[in-house]
Amino acid sequence: FSLFLTAFEELDILGSGAFGTVVRCRNRADNREYAIKKVQIGSIKEYGVQKVVRETQILSGLNDECNIVRYHTGWFESRLNGKWEECSDGALTSNDKFPCLYIQMELCERSLEEILGEGKMKEKEYWGIFEKIANCLQHIHAKGFMHGDLSCRNVFFKENEVKIGDFGLARYLEEGGNIEEVHINVDTIDEPIISKPPEKEVSMKYDIYCAGVILLRMLSSTVEDEELDPYWTWVAEKTFPPTWEDDLNKFLSSLLHKDPAMRPSTSEMVSRVGIFVLSCHGQERKVHIVY
Ligand code: ATP
Ligand code: MG
Ligand code: MG
């Protein structure tokens with residue numbers, strides 16, 4: 001028996017990452033579409049059940065926040081001797097050969113990465129998006145979690161609403177640990193390595209750096225100057241376009257500071273963002289923000 005095959009019709013593949021594949025599915029019972037992440041677990045013995053269920057546990061604990069990809073349910077299936085066998089997380093043991101974790105989530109329309117590729121948005125709209133990301137991050141941190149993999153590929157949109165997703169590397173901060181352990185198995189596909197913070201320890205400040213990269217990427221996409229270096233050079237060298245205000249340059253430099261202790265806290269970041277949002281509204285009050 002496979003719950004996945006029984007309950008869902010697989011429509012197409014949305015994308016694959018280091019840990020698994022995300023597919024678009026139709027639920028046969030409610031006729032709605034969902035995104036289901038299939039995580040093939042190589043060896044429970046190696047990872048431990050706790051690490052394997054971390055993503056579902058964290059995502060389900062954040063379901064009250066509207067700017068986070070909604071979680072519906074998660075379950076395990078394993079296929080032994082060619083036959084599907086039911087297994088619950090309690091029943092899962094290190095003897096299970098190749099269990100697969102299914103995570104049913106709301107289906108989002110596109111990612112911030114795709115929106116940046118289209119290049120249609122204005123600076124004001126990007127500030128509006130970043131304000132939502134910052135507020136949402138504050139909520140995640142207030143609950144004691146760090147995201148650990150905040151990037152333009154993991155920020156989604158649904159009906160014009162911002163949705164932070166992919167909690168595959170998230171963790172409860174009290175667990176401590178270091179980033180290398182969290183990033184087990186992840187190959188940073190085509191992203192420049194500079195997009196990740198330089199430190200090894202897990203902390204809220206790790207997410208602040210990643211937020212800084214997102215803001216810089218959004219703002220740099222609005223600059224039309226062929227002579228300028230790509231954004232990752234700006235990240236590395238903290239050299240921003242000459243037309244940018246001093247305040248903005250300082251803010252970006254603080255988010256991207258090499259030393260995590262020198263980066264602002266999440267609430268400091270939120271209040272600074274509020275000021276930038278206000279000032280960009282002030283310049284052109286008549287323009288309505290649509291994204
Ligand atoms: P990546 O390295 O790209 O972050 P990953 O292994 O971390 O990959 P996910 O980010 O969870 O895996 O998902 C892989 C891809 O599936 C994403 O890049 C995205 O395009 C798509 N995707 C994930 N979740 C959703 C969703 N809820 N709705 C729509 N598409 C999604
Ligand atoms: Mg991802
Ligand atoms: Mg991931």
Side-chain angles (χ1 to χ4, degrees), residues 4 8-27 30 32-42 47 51-60 62-63 65-75 100-118 129 132-133 136-137 140 145-172 177 179-197 202 206-207 209-211 213-214 217 232:
F4 177 68
F8 298 94
E9 175 192 358
E10 190 170 315
L11 301 171
D12 50 46
I13 295 177
L14 293 165
S16 320
F19 290 107
T21 307
V22 180
V23 290
R24 188 168 65 93
C25 298
R26 183 182 68 85
N27 181 306
D30 64 23
R32 287 178 190 277
E33 291 186 8
Y34 296 92
I36 294 185
K37 186 169 187 170
K38 302 179 186 176
V39 188
Q40 194 68 56
I41 299 148
Y47 296 108
K51 266 189 205 160
V52 168
V53 297
R54 190 186 271 148
E55 180 171 3
T56 27
Q57 282 191 341
I58 294 179
L59 202 55
S60 63
L62 291 165
N63 238 4
E65 166 59 55
C66 68
N67 290 116
I68 290 176
V69 172
R70 186 153 296 273
Y71 163 83
H72 291 281
T73 189
W75 72 95
C100 182
L101 169 64
Y102 291 80
I103 307 172
Q104 183 192 351
M105 302 169 282
E106 77 176 305
L107 179 68
C108 298
E109 284 144 20
R110 52 200 182 140
S111 68
L112 180 54
E113 186 75 43
E114 290 166 76
I115 287 185
L116 285 170
E118 291 164 13
I129 293 170
K132 293 196 171 180
I133 295 173
C136 186
L137 194 60
I140 295 168
F145 301 114
M146 76 155 229
H147 185 283
D149 197 18
L150 208 57
S151 74
C152 298
R153 298 145 66 110
N154 290 333
V155 173
F156 299 94
F157 289 83
K158 189 187 183 184
E159 288 157 6
N160 292 333
E161 196 47 271
V162 174
K163 302 271 179 179
I164 295 184
D166 193 1
F167 285 72
L169 298 180
R171 63 164 51 201
Y172 190 53
I179 290 295
E180 261 143 27
E181 184 197 329
V182 182
H183 283 233
I184 201 161
N185 255 350
V186 182
D187 49 324
T188 34
I189 312 162
D190 49 5
E191 257 181 300
I193 196 76
I194 200 76
S195 303
K196 297 289 175 207
V202 160
Y206 190 91
D207 287 339
Y209 185 102
C210 297
V213 175
I214 293 180
R217 284 207 58 195
W232 56 84

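Counting starts at 1 for both ligands and their atoms, in listed order.
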Identify whether the distance between the nearest side-chain nitrogen and carboxylate oxygen of [X] and [Y] falls below 4.0 Å.
X    : Y    : value
E109 : K158 : no
E55  : R171 : no
K37  : D166 : yes
R110 : E118 : yes
E114 : R153 : no

Checklist entry - N/O of K37 under 3.5 Å from N/O of ligand 1, yes or no? => result yes
Next on the checklist: Quick check: do F167 and Y71 have side-chain heavy atoms less than 4.5 Å from each other?
Outcome noted: no
Checklist entry - Are any non-hydrogen side-chain atoms of C136 and V162 less than 4.5 angstrom apart? => result no
Checklist entry - Checking only N/O/S atoms, does S151 have one that is under 2.8 Å from the Mg ion (ligand 2)? => result no
Item to check | Contact flag D166/the Mg ion (ligand 2), N/O/S atoms, threshold under 2.8 Å | outcome: yes
Proximal atoms of ligand 1 relative to [X] (non-hydrogen, under 4.0 Å):
X    : result
E106 : 26 (C), 27 (N), 28 (N)
R153 : 1 (P), 2 (O), 3 (O)
V69  : 27 (N)
N154 : 4 (O), 10 (O)
A35  : 26 (C), 27 (N), 28 (N)

Checklist entry - Considering only heavy atoms, which of L107, V22, T21, L169 lies nearest to atom 13 (O) of ligand 1? => result V22
Next on the checklist: Regarding atom 25 (C) of ligand 1: of the candidates Y34, F156, F157, which has the closest heavy atom?
Outcome noted: F156
